[in-house]
Number of protein chains: 2
Amino acid sequence: MKDQNPELATTERYIGIGELARESGCKPETVRYYEQIGLLPSAPRNEGNQRRYTTASIRRLTFIRHARDFGFSVEAVRELLQMADYPDMPCEEIDRLAKRHLAEVEARLARLTSVRDELKRMINQCAGGSVGQCYIIDVLSDHRLCHQTGPHGGADVIG
Amino acid sequence: MKDQNPELATTERYIGIGELARESGCKPETVRYYEQIGLLPSAPRNEGNQRRYTTASIRRLTFIRHARDFGFSVEAVRELLQMADYPDMPCEEIDRLAKRHLAEVEARLARLTSVRDELKRMINQCAGGSVGQCYIIDVLSDHRLCHQTGPHGGADVIG
DNA sequence: ACTTGAACCTCTAGTGACTATAGGTATTAC
DNA sequence: GTAATACCTATAGTCACTAGAGGTTCAAGT
């Protein structure tokens with residue numbers, strides 16, 4: 001069946017979820033997921049119940065994809081989208097959100113850097129004998145052998 | 001009820017899950033979870049069905065915690081623990097595992113660094129007017145405004 | 001008109017590494 | 001004896017998707 005939504009039939013070209021996904025760098029599953037959690041509005045359907053999108057959808061999804069690539073959480077993206085919908089409002093909130101995210105990224109970076117340094121150090125120290133002599137095992141067994149103070153970051157920060 | 005396991009009662013001091021958790025920097029829930037997934041052996045129980053641990057348990061769990069802090073996955077920790085149990089084997093495999101992990105950490109670092117730089121740049125460029133003029137929104141809307149090539153890393157790498 | 005294959009649909013469950021909650025039992029201190 | 005604390009199991013929730021089953025629709029070729 002052809003696209004026959006009378007509201008928009010003549011002006012704009014309609015695309016399916018596959019093309020939308022390709023254009024914006026997502027997968028169709030992800031698009032449906034975003035619709036489900038309300039990050040994208042419910043798409044209109046054609047007569048065969050398939051979602052139809054316009055170029056506006058491509059822009060919105062590209063924005064989402066890009067913000068996610070920057071590491072903004074889905075909730076942050078939701079806020080960004082809401083704010084972007086009101087171009088006349090001041091952009092303070094957006095600045096605040098971006099700065100907060102930057103601070104988190106820098107904290108992650110710091111912890112990841114110290115993990116990298118410690119990993120490098122323990123790999124270099126290992127002379128390559130038996131497990132019983134392995135410096136890597138020694139360090140993992142005893143935090144005092146680390147050069148840094150405090151925990152490294154807590155796994156969730158790293159991996 | 002007191003600890004009354006005849007096998008070990010006299011020599012070693014027994015501790016409960018709470019003390020084990022405190023000593024090794026985990027939570028009791030996490031200890032039970034590690035037992036459930038087989039990272040820790042099933043602990044012996046006292047007559048009241050409560051888990052009893054020894055100092056050996058503290059060492060093993062500290063090792064796990066520390067390796068997790070380094071960002072090793074639970075599966076990697078499982079392998080490390082297995083290898084650590086055979087001190088006479090060569091430590092090549094441990095080296096290999098550590099090096100592979102280091103490579104992943106460095107890749108993450110690179111992507112996170114580029115995200116940080118781009119975030120900084122877009123925050124500095126934003127003159128602070130309305131949302132419609134906001135450079136942050138502009139960059140998120142259009143990947144071509146980024147200084148870097150390619151995607152930033154794919155969200156999972158960042159967050 | 002028919003058929004094939006790709007794209008689409010919904011619904012449910014799985015991922016990793018925990019964390020939280022509910023509803024109960026055991027231990028310990030007073 | 002009692003009250004606070006620690007412990008127990010079992011189940012569900014977190015985040016941001018991803019994968020799969022089982023069915024429907026579309027587009028193209030014959």
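All chains are named by letter (A, B, ...) in the order of the sequence lines, taking the proteins before the strands, and each is independently numbered beginning at 1. Because only heavy atoms are used, hydrogens play no part in the values below, and waters and symmetry mates are left out as well, while side chains stay in.
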Exam field: side chain B:H101 to backbone B:F70, donor-acceptor pair closer than 3.5 Å: yes

Let me spell it out: for each of B:Y53 and A:Q50, pick the nucleotide of DNA chain D with the closest heavy atom. Which residue's pick is nearer the 5' end? B:Y53

Could you list the donor-acceptor pairs under 3.5 angstrom formed between side-chain atoms of residues 27-41 of chain B and any protein atom two or more places apart in sequence or on another chain?
unit_1, atom_1, unit_2, atom_2, d
B:E35, OE1, B:A43, N, 3.4
B:E35, OE1, B:R51, NE, 2.9

For A:R51 and B:V74, take the nucleotide of DNA chain C holding the closest heavy atom to each; which residue's nucleotide lies nearer the 5' end? A:R51

For A:R32, which contact category applies under a 4.0 Å heavy-atom criterion: base, sugar-phosphate, or nothing? base

Below the 4.0 Å mark, does C:dA17 have OP1 or OP2 next to a side-chain nitrogen or oxygen of B:Y34? no

For A:L61 and D:dA16, give me the distance from atom CG to atom P, rounded to whole Å. 16 Å

More than 12 heavy atoms of other residues, nucleotides or ligands under 6.0 Å from CD of B:E19: yes or no? yes

Can you tell me if A:R52 touches the phosphate of D:dT25, counting only side-chain N or O atoms and a distance under 4.0 Å to OP1 or OP2? no

Which listed nucleotide (C:dT10, D:dA16, D:dT9) is nearest to the side chain of A:R45? C:dT10

Treating A:E79 as the side-chain partner and A:A76 as the backbone partner, does any N or O pair qualify as donor plus acceptor under 3.5 Å? no

Of the listed nucleotides D:dA16, C:dC9, C:dT27, the one nearest the side chain of A:S73: D:dA16

Report yes if at least one side-chain N or O of B:Y33 is closer than 4.0 Å to OP1 or OP2 of C:dG16; otherwise report no. no

Where along residues 18-29 of chain B does a heavy atom fall under 4.0 Å from DNA chain C? B:K27

Could you give the CG-to-C1' distance, from B:N49 to C:dA26, as a whole number of Å? 10 Å

